[in-house]
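Keep in mind that this is a model prediction, so the values were computed, not measured.
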Amino acid sequence: MRIRTAVAVPAASAAAAVLLSAAPQSQAVTAARAADLRCAAQSLAVRAKAVSGDPTVVRVSVTNRSSRACLVDRVPTVTFGDLDGAALPTPAGGTGTYRLPAGRAAHADVRTIGDPADPEARRVAVVTVAASAAQRGRSFTAAQLGTGPRVLVWEPVTTWWQPTRAAADRAAGLSR
């Protein structure tokens, strides 16, 4: 997979250069956006931490450490220990991409469980967060997240990436 990525990046850059040089001035911005490439995992810094006083909500962020804008999935991929599946996007329809400018961060909130007293709750020791489903992401222990000895999970949801933490909180219904 690393070889394909290494070959795809120069080829995509060359294709973008051809598009930009052939495009009329009015279409250059559109062509430049089309030239944005997927963010390489090594150019991203992924962070996660439970909301103080509410271990059922985890704030996640991804920062683009590269020198150019790139694309991540519209919603983070959040998985829980060895459980099947990932947090579902809210609102629904989370397919697509999010443009992450160079040096900037995007934020999302993850609600791991609606009711901590739910008898169906599962308990996991690790939560993994990735900016795109094709990436491995970064794993965080419950202790690193600040959720106690385990993370309670049942029907988890995640917001789409947002430009600020406050916007992610509003999308999750944590603030107005």
Side-chain angles (χ1 to χ4, degrees), residues 1-16 32-51 56-113 122 124-147 150-165 167-169 171-172:
M1 185 162 153
R2 288 185 184 179
I3 292 172
R4 287 185 196 152
T5 302
V7 171
V9 171
S13 295
R33 287 204 176 143
D36 286 340
L37 301 174
R38 287 284 182 168
C39 297
Q42 63 269 24
S43 69
L44 300 174
V46 178
R47 293 179 180 81
K49 193 74 171 167
V51 170
T56 68
V57 177
V58 176
R59 287 188 175 123
V60 299
S61 68
V62 60
T63 302
N64 179 359
R65 299 182 302 186
S66 75
S67 60
R68 65 170 178 76
C70 58
L71 302 173
V72 295
D73 289 350
R74 184 177 292 160
V75 292
T77 300
V78 183
T79 57
F80 302 88
D82 60 355
L83 300 178
D84 289 340
L88 295 175
T90 183
T95 59
T97 58
Y98 182 89
R99 186 174 188 273
L100 190 56
R104 301 292 302 269
H107 307 270
D109 284 355
V110 180
R111 183 168 301 282
T112 64
I113 187 168
R122 303 294 185 255
V124 298
V126 175
V127 174
T128 302
V129 180
S132 296
Q135 297 174 351
R136 296 185 94 173
R138 180 175 170 197
S139 294
F140 301 88
T141 65
Q144 289 171 317
L145 293 171
T147 61
R150 297 273 188 236
V151 177
L152 293 175
V153 182
W154 189 251
E155 300 181 341
V157 295
T158 182
T159 65
W160 296 9
W161 289 118
Q162 303 292 325
T164 65
R165 185 185 318 172
D169 285 353

Q) Quick one: CH2 on Trp161 to OG1 on Thr97, what's the gap to the nearest 0.5 Å? A) 13.5 Å
Q: Determine whether Thr128 and Ser139 make a side-chain contact, defined as any pair of heavy atoms from C-beta on separated by less than 4.5 Å.
A: yes
Q) Mind checking whether Val58 and Val127 have side chains closer than 4.5 Å, heavy atoms only? A) no
Q: Look up atom CG in Leu37 and atom CG in Leu71, then write down how far apart they are to the nearest 0.5 Å.
A: 7.5 Å
Q.
Filter on side chain to side chain donor-acceptor pair (under 3.5 Å), then keep only pairs touching residues 72-88, sequence neighbours left out; what's left?
A. Arg38-Asp73
Q: Kindly write out the residues that satisfy side chain to side chain contact (heavy atoms under 4.5 Å, CB included) with Ala167, not counting sequence neighbours, or none if the list is empty.
A: Gln162, Pro163, Thr164, Arg170
(Q) Tell me every residue that passes side-chain hydrogen bond (donor to acceptor under 3.5 Å, both in side chains) with Arg59, counting only those two or more places apart in sequence or in another chain. (A) Asp169
Q: Using the side-chain hydrogen bond (donor to acceptor under 3.5 Å, both in side chains) rule, take Thr112 and Thr56 through it: C-alpha gap first, then chi angles, then the decisive distance, then the call.
A: CA-CA 5 Å; Thr112 64; Thr56 68; 5.4 Å; no
**Q.** Set of residues satisfying side chain to side chain contact (heavy atoms under 4.5 Å, CB included) with respect to Glu155, sequence neighbours excluded
**A.** none
Q: Nearest 0.5 Å please: distance from the CZ atom of Arg122 over to the CG atom of Leu152.
A: 11.5 Å
Q) For Ser43, what residues pass the side-chain hydrogen bond (donor to acceptor under 3.5 Å, both in side chains) criterion, not counting sequence neighbours? A) none
Q: List for me each residue that meets side-chain hydrogen bond (donor to acceptor under 3.5 Å, both in side chains) alongside Ser66, sequence neighbours excluded, and say none if there are none.
A: Asn64
Q.
Can you list everything that forms a side chain to side chain contact (heavy atoms under 4.5 Å, CB included) with Val157? Sequence neighbours excluded, please.
A. Thr90, Arg111
Q: Indicate yes or no: at least one non-hydrogen side-chain atom of Val60 is less than 4.5 angstrom from one of Val46.
A: no
**Q.** side chain to side chain contact (heavy atoms under 4.5 Å, CB included) involving Ser61 - partner list, sequence neighbours excluded
**A.** Arg47, His107
Q: With rounding to the nearest 0.5 Å, note down the distance linking CZ in Arg65 to CG in Leu44.
A: 7.5 Å
Q) Ser132 side chain to Gln135 main-chain N or O, any donor-acceptor pair under 3.5 Å? A) no
